[in-house]
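Below is one structure, written out as structure tokens, with a few remarks after it.
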Amino acid sequence: MIRWRYGTVRAVRGGWRGCTELDLDVEARGGEDAFTCKGLAYDELVGAPRAGDRVLLNCNAIAKGLGTGGYALVIAVPDRLPEDAAETGHIVKARYTPMQAMRLAVDEDDSPHRAAVEGCEDLGGMPVVVADLHSALAPILAGIAATVPDARVAYVMTDGGSLPAWFSRQLDQLSDRLCTVVTAGQCFGGDLEATNVHNALIAARVVGGADVAVVAQGPGNLGTGTVWGFSGTAAGEAVNAAAVLGGRPVASLRISEGDARDRHRGISHHSMTAYGKVALAGADVPVPDELPAELEPRIKAQLGVLPDRHRLVETDCSGLVEAMEALPVRLSTMGRGLDRDRAYFVAAAAAGRHAGLLALSRD
């Protein structure tokens with residue numbers, strides 16, 4: 001299940017919050033030649049490797065040519081183990097794997113936030129933008145900021161993709177645009193930890209002071225090409241969670257003009273399944289007022305089969321492209337940028353704009 005290898009750190013390339021990026025010399029094993037590659041270490045799990053350190057590696061991503069990251073992951077620096085953590089939490093994330101991590105969750109007894117979380121009965125109509133992919137986070141934030149520049153926005157990261165929040169460079173680059181990051185379920189490494197999406201949303205509101213929350217999985221979407229076999233079904237469950245807690249769910253559509261796969265052309269089958277079948281509560285569904293001409297009939301036909309419990313909201317997209325171009329991150333979804341899949345990013349930004357308008361109406 002794991003391609004175990006030993007390697008040596010040739011050089012430290014740099015890093016971002018929670019991560020150290022490395023150049024590695026990987027030792028030969030089992031008839032495989034030695035090779036060089038990039039590596040990634042999560043500092044809080046294994047410490048920060050230095051040049052010359054011998055490291056134990058998981059090379060699955062290298063062997064399979066995975067598109068997200070493509071790193072050899074450092075499992076341990078055997079000759080220089082980090083000090084034991086002093087953290088008081090007892091909530092276990094990545095449970096019963098060799099890398100299970102003990103975290104202090106907002107909803108456990110030892111948390112200073114336990115009383116506030118336990119005492120929150122509902123979200124008071126807080127807009128909750130739900131998206132399928134992590135790449136939607138940046139354009140959603142652009143849409144919110146272009147509409148309500150001073151809005152406090154929390155990101156709730158679900159565990160359909162990367163489990164460590166540290167893997168996302170975007171979270172580091174967008175940190176000044178977020179009031180807090182809450183890692184829910186099995187994922188970890190946020191400013192706050194929660195046992196599930198429900199308490200993560202409550203923490204975003206009562207601990208982070210958020211005006212708007214964005215819920216999406218971390219980088220590394222899992223998809224098999226089957227109707228139900230993708231991690232984005234959790235978007236529908238997030239709609240349900242936001243609704244049952246008295247929030248205002250906003251369903252960000254995954255629309256593509258650049259994806260060659262028919263199941264993702266127009267509105268992706270991911271959105272149609274998550275919002276059309278998994279979400280049992282109604283959501284606002286922002287529809288950009290600019291759609292690719294060649295796909296507009298298809299998109300409108302797809303919108304027509306969404307359940308009546310959802311509310312389609314035509315959304316003004318003026319200024320959103322400029323707002324996205326001003327972001328400090330490079331927009332990318334499945335390797336495509338704004339120039340190759342404008343519709344995807346505009347749809348996500350439109351969801352952010354609508355959420356911003358809802359937040360304004362609550363004031």
Side-chain angles (χ1 to χ4, degrees), residues 1-2 4 15-22 39-50 53 55-58 60-61 69 71-120 134 154-169 171-172 175 178-204 206-208 215-220 231 234 241:
M1 294 176 65
I2 297 177
W4 299 92
W16 54 94
R17 184 169 60 177
C19 292
T20 299
E21 191 176 33
L22 310 164
L40 196 68
Y42 297 119
D43 300 345
E44 289 193 39
L45 294 182
V46 302
R50 304 169 188 161
D53 280 339
V55 289
L56 179 61
L57 303 168
N58 179 333
N60 279 352
Y71 290 107
L73 295 174
V74 176
I75 296 170
V77 184
D79 300 324
R80 198 164 50 80
L81 299 176
E83 296 296 322
D84 291 342
E87 189 169 311
T88 57
H90 73 277
I91 299 300
V92 182
K93 304 276 188 117
R95 291 185 281 277
Y96 300 103
T97 68
M99 298 302 287
Q100 63 182 357
M102 303 289 285
R103 309 296 291 180
L104 178 65
V106 292
D107 37 7
E108 65 174 295
D109 290 339
D110 292 337
S111 170
H113 308 302
R114 167 68 180 256
V117 170
E118 185 69 8
C120 178
H134 189 69
Y155 171 48
V156 172
M157 179 172 151
T158 60
D159 53 17
S162 168
L163 295 186
W166 309 308
F167 185 75
S168 173
R169 295 192 195 207
L171 286 185
D172 185 34
S175 60
L178 293 166
C179 62
T180 192
V181 174
V182 191
T183 35
Q186 293 276 12
C187 60
F188 54 90
D191 303 308
L192 302 170
E193 306 278 358
T195 57
N196 55 32
V197 172
H198 299 75
N199 270 353
L201 286 170
I202 289 172
V206 302
V207 181
V215 181
Q217 64 185 323
S231 53

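A quick note: this is a predicted structure, and the numbers were derived from the prediction, not measured. For the single chain, residues carry numbers from 1 onward in sequence order.
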Is the shortest heavy-atom distance from the side chain of [X] to the side chain of [Y] under 4.5 Å?
X: V92; Y: M102; value: yes
X: V181; Y: L171; value: yes
X: D53; Y: D79; value: no

Applying side chain to side chain contact (heavy atoms under 4.5 Å, CB included), name anything that partners [X], two or more places apart in sequence or on another chain.
X: T97; value: A94, M99, Q100
X: C19; value: W16, L40, Y42, W166
X: A234; value: none

Show your reasoning for whether side chain to side chain donor-acceptor pair (under 3.5 Å) applies to T183 and E193. CA-CA 5 Å; T183 35; E193 306 278 358; 2.7 Å; yes
Closest heavy-atom contact between [X] and [Y]?
X: A241; Y: V197; result: CB-CG1, 4.2 Å
X: A216; Y: Y155; result: O-OH, 3.0 Å
X: A41; Y: G47; result: CB-O, 4.2 Å
X: I91; Y: A105; result: CG1-CB, 3.5 Å
X: D107; Y: A194; result: OD1-CA, 4.2 Å
X: C187; Y: D159; result: N-CB, 3.7 Å

For a side chain to side chain donor-acceptor pair (under 3.5 Å) with R103, tell me which candidate from H90, E108, E44 qualifies.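 Going through H90, E108, E44 one by one, the side chain to side chain donor-acceptor pair (under 3.5 Å) with R103 is satisfied by E44 alone.
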Going from CG on L104 to CG on L192, what distance comes out if it is rounded to the nearest 0.5 angstrom?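 Answer for the CG-CG pair, L104 versus L192, is 9.5 Å.
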Please confirm whether the backbone N or O of [Y] pairs with a side-chain atom of [X], one donor and one acceptor, at under 3.5 Å?
X: Q186; Y: L163; result: no
X: N58; Y: I75; result: no
X: N199; Y: I202; result: no

Can you list everything that forms a side chain to side chain donor-acceptor pair (under 3.5 Å) with [X]? Sequence neighbours excluded, please.
X: S168; value: H134
X: R50; value: none
X: D109; value: R114

Test side-chain contact (heavy atoms from CB on, under 4.5 Å) on V74 and L57; report intermediate values, then the result. CA-CA 5 Å; V74 176; L57 303 168; 3.9 Å; yes
